[in-house]
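As structure tokens, the structure follows; a few thoughts come after it.
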Amino acid sequence: MKTERKLWRMWKVLSLALSIVIRVYWYRITRKSEKEKDLLWEHIGQEFKDTLFELKGVLIKVGQFLSIRADLLPNGFVSQIQDLIDHVPPSEWEEIEKVLESEWEKPIEGMMHSIEPTAIASASIGEVYRGFLPDGTKVAVKVQRPSIESIVKTDFRSLAIIIWFADHFAPVPKGFINFKKLYQELKEVIERELDFQKEMESAQTFRQRFQEEVGVKIPEVYPSHCTPKVLVMEWLDGERITSIEALSQPSINRDELSERLFRLFLPQWLEPGIFHADPHSGNVLLLKDGTIALLDFGMIGEISRKDAAHFQELLEGILMKNYSKATKALNQLGFLLPDADEELIVKLLEDALSLDMQQMKEMDLFTAKKEINDLFKTLPVQVPTRFIFLGRSFVTIEGMIHIISPDQETLSIIKPAFMDWLKKSGTSKWELFYKWMNTQPIFQIVHHVSDYLQAPKKMLSLQESQQYNEFEFRIYENKKKHWVYIGLAGMAGIISGIYLDHYWLTSGAIALDAVSIIGYAAASAGQRKWLKKTKRNKVI
């Protein structure tokens, strides 16, 4: 990639980021309504999407990654980018041919009988071509786009600058979004997709895992033809599993197909190991004989044995009202940020989960419950990407089941598969029964009476402390806002000085900007110190 092109990409990304920050601060300074702020984020989301389509490359993947982080990003922004389609025009065949010969270190004829020069699929990272091995076997040849590595380096330099800026100047409470962690997860996801040998290994793992599963097909890979930039897999002829034409075949029982689809993914979600993190309908095919085929293993998530054990501890802690155990499990799973106060989380879990819906109706505490939920959004908790992937995988499959079996309740399809999995998993039924019984109202009378008596006092305390904290937080935000005003005035002075060619005006404006940066940094440091003190005192 030429230097001029790299600089142009960086300028487009950084200028958009700066524009977003200025507009967000301006809306905060001018105290725009929530509706106006939502419209702003929708507009920003559309601009962001348009820029991604203009620049193409790995930034499409960045947009797809951000579209699943509705837990961190404004709804208006996410709504504009959640339908991003990773499809870009294919490269010239001559360029693809050079990649293949470079990776195979020999002419294409030495590895393949033939390859059709027209791409059948083209995305931001790779393109897929139909080919034939020397023995006549039909295969799919996935080739990394030329110059993609150079584009990735350029884009990640830009993103690193944006993340640093957001970490220091974003208008959010410090310590409640770990921008560095978000950036690192994004980088790991994309770097994994760039390594086709890792995708090959994932495909082999899936094939071995489901090789004895009737009605499931994982394509075979050909390691002798695979490199970090080339992936050669068995070609499978099929239709999207949600295709109305495919589902209309007389041999297809829709409800049975839905259950088989759920059984294919259930162990991926609940057992240690890797799971398919991008099971959209283009990656799940229905073959002519009714077999379900799973494709594209570039985006996968992983649940370790430790994750599975900690998740079980989390469920047990919530069921048994052992909130200390639940909090430790959340920490072990990576949900708590480094600055999180575990004792504070324990108290919040206890306050939020001690009331059931019937109690809330009797006590007219709907408003208080909503306030507790709002408080949780300000906690130092950030869901790890692997669990975001897990949730998205489940929601995607649930959506497919609804399309395949529109007349059936999803629960009626899920329940038999889940009960069968439970029998095979080796989990003690008596242990589950005991834990379930302990959560029932008749065995929880003492807990519920105590919760009922303590609830008004807890709610009042939460409301008072929240109001006090909101007041303190507003003071710090106003201080920062004033320094932003001064900084914007300084920037206007610099532009005016340059335009008028006035040395002293430019110099004074630069000095004013320097003072504003120092003042903003001091106010931010004071705010962080106050937040830490608040956590230590367990004040919400």
Side-chain angles (χ1 to χ4, degrees), residues 68 70-71 206 209-210 212-218 239-244 246-249 251-287 290-295 299-303 307-316 318-319 333 357 383 386-437 439-440:
I68 67 173
D71 58 322
F206 270 90
R209 184 175 185 178
F210 294 104
E212 297 181 3
E213 194 77 25
V214 178
V216 175
K217 176 71 173 178
I218 308 296
E239 299 285 340
R240 291 171 180 258
I241 197 167
T242 54
S243 165
I244 300 302
L247 294 173
S248 300
Q249 298 178 49
S251 59
I252 298 298
N253 181 319
R254 289 194 174 197
D255 294 343
E256 185 267 342
L257 177 64
S258 294
E259 188 173 327
R260 282 199 290 123
L261 177 63
F262 187 76
R263 288 178 184 275
L264 172 60
F265 279 87
L266 184 63
Q268 297 180 45
W269 299 327
L270 298 180
E271 297 173 7
I274 61 176
F275 63 89
H276 200 298
D278 191 25
H280 61 75
S281 57
N283 289 336
V284 185
L285 301 185
L286 183 63
L287 306 186
T291 297
I292 298 174
L294 203 55
L295 309 177
M299 188 179 290
I300 59 105
E302 183 171 6
I303 301 299
D307 283 337
H310 293 319
F311 190 69
Q312 183 176 341
E313 290 170 2
L314 172 64
L315 293 177
E316 290 179 5
I318 293 173
L319 284 174
L333 287 167
M357 291 303 295
V383 183
R386 65 187 185 280
F387 293 111
I388 294 288
F389 280 158
L390 190 69
R392 187 180 72 159
S393 178
F394 176 80
V395 170
T396 303
I397 296 303
E398 185 185 23
M400 288 184 186
I401 289 173
H402 182 70
I403 293 173
I404 297 169
S405 303
D407 299 327
Q408 284 285 351
E409 288 289 337
T410 304
L411 186 61
S412 66
I413 293 171
I414 289 176
K415 186 177 178 180
F418 180 77
M419 295 306 295
D420 286 347
W421 174 84
L422 199 61
K423 292 175 184 176
K424 296 176 183 177
S425 68
T427 305
S428 170
K429 293 180 184 178
W430 287 110
E431 181 182 355
L432 286 172
F433 179 73
Y434 169 75
K435 290 175 182 176
W436 175 78
M437 289 294 287
T439 66
Q440 301 310 299

Can you check whether [X] reaches [Y] side chain to side chain, under 4.5 Å on heavy atoms?
{"X": "Glu271", "Y": "Arg209", "value": "yes"}
{"X": "Leu257", "Y": "Leu286", "value": "yes"}
{"X": "Arg254", "Y": "Pro406", "value": "yes"}
{"X": "Gln268", "Y": "Leu264", "value": "yes"}

Distance from [X] atom [atom1] to [Y] atom [atom2], nearest 0.5 Å?
{"X": "Ile414", "Y": "Arg263", "atom1": "CD1", "atom2": "CZ", "result": "12.0 Å"}
{"X": "Leu294", "Y": "Ile218", "atom1": "CG", "atom2": "CD1", "result": "4.5 Å"}
{"X": "Ser405", "Y": "Glu256", "atom1": "OG", "atom2": "CD", "result": "10.0 Å"}
{"X": "His280", "Y": "Met299", "atom1": "NE2", "atom2": "CE", "result": "9.0 Å"}
{"X": "Asn253", "Y": "Ser258", "atom1": "CG", "atom2": "OG", "result": "9.0 Å"}
{"X": "Leu261", "Y": "Leu266", "atom1": "CG", "atom2": "CG", "result": "11.0 Å"}

So which heavy atom on [X] is nearest to which on [Y], and how close?
{"X": "Thr242", "Y": "Ser281", "answer": "OG1-CB, 3.4 Å"}
{"X": "Pro416", "Y": "Glu259", "answer": "CB-OE2, 4.2 Å"}
{"X": "Asp278", "Y": "Asn283", "answer": "O-ND2, 2.9 Å"}

Would Phe206 and Ile274 satisfy side-chain contact (heavy atoms from CB on, under 4.5 Å), going step by step from the backbone distance to the final call? CA-CA 8 Å; Phe206 270 90; Ile274 61 176; 3.4 Å; yes

Applying side-chain contact (heavy atoms from CB on, under 4.5 Å), run through Ile292 and Leu285 and close with a yes or a no. CA-CA 6 Å; Ile292 298 174; Leu285 301 185; over 6 Å; no

Please output the side-chain donor-acceptor pairs of residues 393-403 that fall under 3.5 Å, not counting sequence neighbours, one pair per line with the distance.
unit_1 : atom_1 : unit_2 : atom_2 : d
Ser393 : OG     : Trp269 : NE1    : 3.0
Ser393 : OG     : His276 : O      : 3.2
Thr396 : OG1    : Arg392 : O      : 2.7

